[in-house]
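Notes follow once the structure below has been shown.
Order of the sequence lines sets the chain letters (A, B, ...), proteins ahead of strands, with each chain counted from 1.
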Protein chains: 2
Amino acid sequence: MTSVPVRLLLADDHPVVRAGLRAVLEGEPDFEVVAEAPTAERAVELAAELDVDVVLMDLQFGSGMGGSQATAVITARPGAPRVLVLTTYDTDVDILAAIEAGATGYLLKDTPPDELADAVRTAAAGKSALAPEIAQRLMDRVRRPAVMLSLREIEVLQLVAEGLSNQQISERLFLSQATVKSHLVHIYAKLGVDSRTAAVATATASGLIRR
Amino acid sequence: MTSVPVRLLLADDHPVVRAGLRAVLEGEPDFEVVAEAPTAERAVELAAELDVDVVLMDLQFGSGMGGSQATAVITARPGAPRVLVLTTYDTDVDILAAIEAGATGYLLKDTPPDELADAVRTAAAGKSALAPEIAQRLMDRVRRPAVMLSLREIEVLQLVAEGLSNQQISERLFLSQATVKSHLVHIYAKLGVDSRTAAVATATASGLIRR
DNA sequence: GGCCTTCTCCACCTTTCGATGGATGCGGCG
DNA sequence: CGCCGCATCCATCGAAAGGTGGAGAAGGCC
């Protein structure tokens with residue numbers, strides 16, 4: 001169908017992973033890797049400057065902007081490329097944040113090369129490409145909306161789990177402490193607990209947050 | 001010096017990472033990648049069958065044997081290859097387990113290709129190759145000989161991690177709240193934190209308590 | 001247009017937690 | 001024996017967290 005190759009941008013902070021993606025994807029005749037970005041910020045710039053069809057985006061970057069933020073910025077622009085998230089983690093926070101941000105697909109890094117190539121073609125065609133594990137998680141989530149925390153609530157809870165105080169969380173998320181407390185009150189109600197440590201314990205047990 | 005190339009075995013469950021390592025390392029004229037292993041078990045087999053100088057070993061495998069176990073098995077044999085651990089994570093448990101198991105070096109996956117190549121040569125020569133971050137961690141660890149919490153302190157911290165309040169902990173352990181607080185103060189001092197959630201976060205990260 | 005949810009923010013008040021600065025008894029070690 | 005670390009206990013005070021009861025803006029849905 002398409003005689004012109006699919007133009008790709010690789011965004012990952014690990015040089016080894018970028019080289020691996022390039023090696024795997026350039027083996028396909030209908031792909032062309034036009035650039036690599038070692039940071040999320042650089043990915044945003046390159047996606048704007050270059051004519052790119054699909055961005056392969058990692059979620060974890062060492063510092064600075066995160067992958068889902070970058071995804072949101074990139075997909076906001078009209079005529080934006082598709083963003084295919086490719087990461088190691090598969091927690092609810094990551095998945096929901098990425099999809100919310102406008103990702104076309106979500107793959108795990110242990111995906112075999114041929115499936116990866118298929119997913120890129122699927123994404124280039126504008127269809128969503130989800131790894132089976134991810135699809136399963138979303139199904140579970142829909143089937144049992146028992147612990148339905150909003151995205152923002154999970155975000156707050158994740159920071160609580162990392163040991164931050166309400167003050168620190170408010171600074172990190174550019175909120176007031178009052179708002180953080182509000183979110184926490186809602187979280188406690190939904191989880192049926194009455195303290196931050198208990199919330200972290202139950203949320204960890206149900207796989208809502210990482211670590 | 002060495003006219004024969006360094007013979008490498010790549011052990012990682014991510015095809016993309018294996019491809020990346022192969023791409024990066026085969027660019028060096030003095031390296032030869034002789035095999036790839038997608039599981040730790042396969043890495044052990046291949047290390048025994050083939051004549052290998054250095055094994056590049058991931059720590060996280062999806063299922064089955066872990067990377068540090070495989071490292072222990074491989075290095076136990078006389079005339080064994082050097083094992084260079086290459087992983088994303090840098091928690092104390094991982095690092096210590098790998099070094100304990102006989103790893104010659106420990107690198108993080110965001111290492112630049114040239115440093116990676118240097119580290120492989122260093123490992124091939126039998127010298128230890130540690131990423132600066134890792135070296136720093138080990139120094140910290142030596143400087144402050146293990147974060148040794150007393151049994152009682154770990155007991156208290158474990159209950160904190162399960163979400164119990166000081167009151168509940170005191171009842172569970174037949175203590176007064178004052179005593180629980182005392183233990184917590186000591187725990188905070190040893191861990192270098194100043195709140196219960198932060199204590200749980202760091203203790204979990206260093207494997208002091210189970211989750 | 002209403003209705004609902006989410007996210008944001010505010011004020012007031014109570015409880016819990018953490019910080020400080022003690023004290024006692026016990027057991028190991030030089 | 002004295003010293004030290006551990007575990008236990010205590011009181012007090014300020015700071016942080018939690019409880020209650022709001023409110024307004026944005027977006028999806030009927």
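Positionally, the nearest nucleotide of DNA chain D for A:Ser165 lies more toward the 5' end than for the other of A:Val185 and A:Ser165.
By the 4.5 Å heavy-atom criterion applied to side chains, B:Ser170 and B:Val180 are counted as neighbours. In this structure, A:Val6 and A:Leu8 have side chains that are in contact, with non-hydrogen atoms separated by less than 4.5 Å. Using a 4.5 Å cut-off on side-chain heavy atoms (C-beta onward), A:Thr104 and A:Leu84 make no contact.
In this structure, B:Phe174 places its CZ atom 12 Å from P of D:dC9, rounding to the nearest Å. For the pair A:Glu153 CD and C:dT5 P, the computed distance is 13 Å after rounding to whole Å. Remark: P of C:dT8 and CG of A:Leu173 are 8 Å apart, rounded to the nearest angstrom. We find that NZ of A:Lys190 is positioned 10 Å from P of C:dT5, with the value rounded to whole Å. A:Arg196 places its CZ atom 12 Å from the P atom of D:dG19, with the value rounded to the nearest Å. We find that CD of B:Gln177 is positioned 9 Å from P of D:dC10, with the value rounded to whole Å. Going from atom CD1 of A:Ile169 over to atom C1' of D:dG18 covers 14 Å, rounded to whole Å. Distance A:His183 NE2 to D:dT20 P: 19 Å, rounded to the nearest Å.
Proximity of B:Asn166 to the phosphate of C:dT16: no side-chain N or O atom is located under 4.0 Å from OP1 or OP2. An OP1 or OP2 oxygen of D:dC6 is reached within less than 4.0 angstrom by no side-chain nitrogen or oxygen of B:His186. Of the side-chain N and O atoms in A:Ser176, one or more sit less than 4.0 angstrom from OP1 or OP2 of C:dC10.
Listed nucleotides D:dA17, C:dC17, D:dC9 differ in distance to B:Lys181; the shortest reach to its side chain belongs to C:dC17. Set against D:dT8, C:dG18, C:dC7, the side chain of B:Leu184 has C:dG18 as its closest nucleotide. Listed nucleotides: D:dG19, C:dC7, C:dG18. Nearest to the side chain of A:Asp194: D:dG19. In the set D:dC9, C:dC10, C:dG18, D:dC9 carries the atom at the smallest distance from any side-chain atom of B:Leu175. The B:Tyr188 side chain lies nearest to C:dA19 when the options are C:dT8, C:dA19, C:dC7. Here D:dT8 is the nucleotide among D:dG19, C:dC9, D:dT8 with the atom lying nearest to any side-chain atom of B:Arg152.
Salt bridge annotation for B:Lys109-A:Asp13: absent, with no cationic side-chain nitrogen under 4.0 angstrom from a carboxylate oxygen. With salt bridges taken as basic N to acidic carboxylate O contacts below 4.0 Å, none links B:Arg42 and B:Glu36.
For C:dC9, its base sits under 3.5 Å from the side chain of A:Ser182 at one donor and acceptor pair at least.
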